[in-house]
Asks: 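I am attaching a structure below and will ask some questions about it afterwards.
Nothing fancy with the numbering, it's 1 onward along the sequence.
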Amino acid sequence: MGLQGLALAYLSGEVHREHTLNNHKTSIQKLVKIRSDILLSELAETSVQLGLSQQHDPVFRNYLQEKNTAKLQDILNEHFHRYFVTAGILKLEKIAVLQKDFSLLAESTEGKTLLPAGHVPCADLLQQAGKRSGPDRLKSMSGLCAENNRPYYVVLAPVGGLVLKGYMVVITDPVNN
């Protein structure tokens, strides 16, 4: 009888320990998810600020209207030397300008990215954006995706205010955040 009591105590202790560890693991997973959601939200906000900051520049607007890809590329490359990037707030991989039909107009050439030239990751995000109509086209979109086993956070910000002229795409490495 005493041996059975010891076995029961041991088994119930093991069950309790297993249950406690599972609860602890679930709690940690929830906390990590909450914190990563907060960090991705901050990353999206900062990326949108970076993308929208260029739009008020009349030189940028003129080059965009003229579709001067060489000059737009120079302007996009300047973003790699601005505060968000130099202070380490964003790890900017690439920044690009898309036309209203989502075709690539210009892209940055600076930075150390593994993305090939002429390629914007997160094609599904661009497809979702292409399906929008009316005022929804003037809203920013963002998403997390993987390309060649590397994570990217892509923000799509409209260019031109109420008269849509295209989109600014800010591609960052979310691991930095």
Side-chain angles (χ1 to χ4, degrees), residues 1-54 76 79-96 98 102 104 107-159 167-177:
M1 186 84 145
L3 204 51
Q4 287 179 340
L6 284 174
L8 181 62
Y10 176 75
L11 287 174
S12 66
E14 284 298 311
V15 169
H16 177 69
R17 185 180 70 81
E18 187 71 29
H19 186 61
T20 303
L21 288 174
N22 284 338
N23 284 341
H24 186 66
K25 178 180 164 184
T26 303
S27 297
I28 288 175
Q29 287 174 341
K30 287 180 182 178
L31 287 173
V32 167
K33 175 151 180 34
I34 290 169
R35 183 65 181 146
S36 62
D37 287 345
I38 290 169
L39 290 172
L40 287 176
S41 174
E42 291 172 358
L43 176 62
E45 185 178 319
T46 306
S47 297
V48 167
Q49 287 176 3
L50 180 70
L52 295 177
S53 68
Q54 192 65 56
L76 295 176
H79 285 284
F80 286 87
H81 306 287
R82 292 202 175 167
Y83 171 72
F84 291 125
V85 179
T86 57
I89 296 170
L90 289 178
K91 185 170 185 290
L92 189 61
E93 292 284 328
K94 185 186 279 192
I95 187 165
L98 303 178
F102 297 97
L104 185 66
E107 67 181 344
S108 61
T109 56
E110 287 201 24
K112 295 176 181 172
T113 183
L114 297 177
L115 293 170
H119 177 70
V120 177
C122 294
D124 55 335
L125 181 72
L126 297 178
Q127 287 176 350
Q128 287 176 0
K131 293 177 184 176
R132 300 183 306 171
S133 62
D136 287 337
R137 294 189 74 188
L138 301 175
K139 295 178 182 175
S140 297
M141 287 183 74
S142 60
L144 187 64
C145 67
E147 192 88 19
N148 296 327
N149 295 323
R150 290 203 47 182
Y152 293 101
Y153 197 77
V154 177
V155 172
L156 187 68
V159 175
Y167 294 94
M168 181 82 74
V169 181
V170 180
I171 303 163
T172 57
D173 181 358
V175 176
N176 186 54
N177 292 61

Asks: Quick one: closest heavy-atom pair of F102 and R137, and the distance?
Replies: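 That would be CE1-NH2, 4.2 Å.
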Asks: Which heavy atom of Y167 sits nearest a heavy atom of V159, and at what distance?
Replies: C-CG2, 3.8 Å
Asks: If the test is side-chain contact (heavy atoms from CB on, under 4.5 Å), which one of V32, L39, L31 qualifies with R35?
Replies: L39
Asks: To the nearest 0.5 Å, how far apart are CG in L92 and OG1 in T46?
Replies: 12.0 Å
Asks: Would you say H81 has more than 12 foreign heavy atoms packed within less than 6.0 Å of its NE2?
Replies: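 Buried by this count: over 12 neighbours within 6.0 Å.
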Asks: Kindly state each residue pair satisfying salt bridge (charged side-chain N to carboxylate O under 4.0 Å, His left out) with at least one member in residues 14-27, sequence neighbours excluded.
Replies: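 Those involving residues 14-27 are E14-R17.
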Asks: Do you know the tightest heavy-atom contact between I171 and V169?
Replies: CG1-CG1, 3.8 Å
Asks: Examine distances only and state if a side-chain atom of R82 and a backbone atom of L50 form a donor-acceptor pair shorter than 3.5 Å.
Replies: no
Asks: Find the distance between OH (Y83) and CD1 (I89) and round it off to the nearest 0.5 Å.
Replies: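 Taking OH in Y83 and CD1 in I89, the distance rounds to 3.5 Å.
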Asks: Suppose the criterion is salt bridge (charged side-chain N to carboxylate O under 4.0 Å, His left out): which pairs have a residue in residues 143-158, not counting sequence neighbours?
Replies: E93-R150, R150-D173
Asks: Using a 3.5 Å distance criterion without hydrogens, assess whether the side chain of S108 forms a donor-acceptor pair with backbone atoms of L76.
Replies: no
Asks: Starting from the C-alpha separation in whole Å, work towards a yes-or-no answer on side-chain contact (heavy atoms from CB on, under 4.5 Å) for H79 and V85.
Replies: CA-CA 7 Å; H79 285 284; V85 179; 5.6 Å; no
Asks: Could you grab the distance from atom OG1 of T109 to atom NZ of K94, nearest 0.5 Å is fine?
Replies: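 If I round to the nearest 0.5 Å, the distance is 10.0 Å.
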Asks: Once rounded to the nearest 0.5 Å, what's the spacing between atom CD1 of I28 and atom CG of N23?
Replies: 11.5 Å
Asks: Can you tell me if D124 has over 12 outside heavy atoms packed within less than 6.0 Å of its CG?
Replies: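 Yes, enclosed.
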Asks: Starting at CD of Q49, measure out to OG of S140 and round the result to the nearest 0.5 Å.
Replies: 11.0 Å
Asks: Quick check: does any side chain N or O of S41 sit under 3.5 Å from a backbone N or O of D37, one acting as donor and the other as acceptor?
Replies: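 Side chain of S41 to backbone of D37, a donor-acceptor pair under 3.5 Å: no, none is there.
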Asks: Show the nearest heavy-atom pair for residues S47 and L90, with the distance to one decimal.
Replies: OG-CD2, 3.8 Å
Asks: Evaluate whether atom CD of Q29 has more than 12 neighbouring non-hydrogen atoms of other residues, nucleotides or ligands under 6.0 angstrom away.
Replies: yes
Asks: The test is side-chain contact (heavy atoms from CB on, under 4.5 Å); show your working for Q128 and K131 and say whether it passes.
Replies: CA-CA 5 Å; Q128 287 176 0; K131 293 177 184 176; 5.8 Å; no
Asks: What closest approach, in Å, do L125 and S142 show between heavy atoms, and which atom pair accounts for it?
Replies: CD1-O, 3.9 Å
Asks: Check R132 against K139 and note the closest heavy-atom contact, atom names and distance.
Replies: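 Looking at all heavy atoms of both residues, the closest pair is NH1-O, 3.0 Å.
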Asks: Surrounding CG of L3 (heavy atoms of other residues, nucleotides or ligands, distance under 6.0 Å), is the total greater than 12?
Replies: no
Asks: For the atom pair CE (M141) and CG (D136), what is the distance rounded to the nearest 0.5 Å?
Replies: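 These two atoms lie 9.5 Å from each other.
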Asks: Is any side-chain heavy atom of V154 less than 4.5 Å from a side-chain heavy atom of V170?
Replies: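 They are not in side-chain contact.
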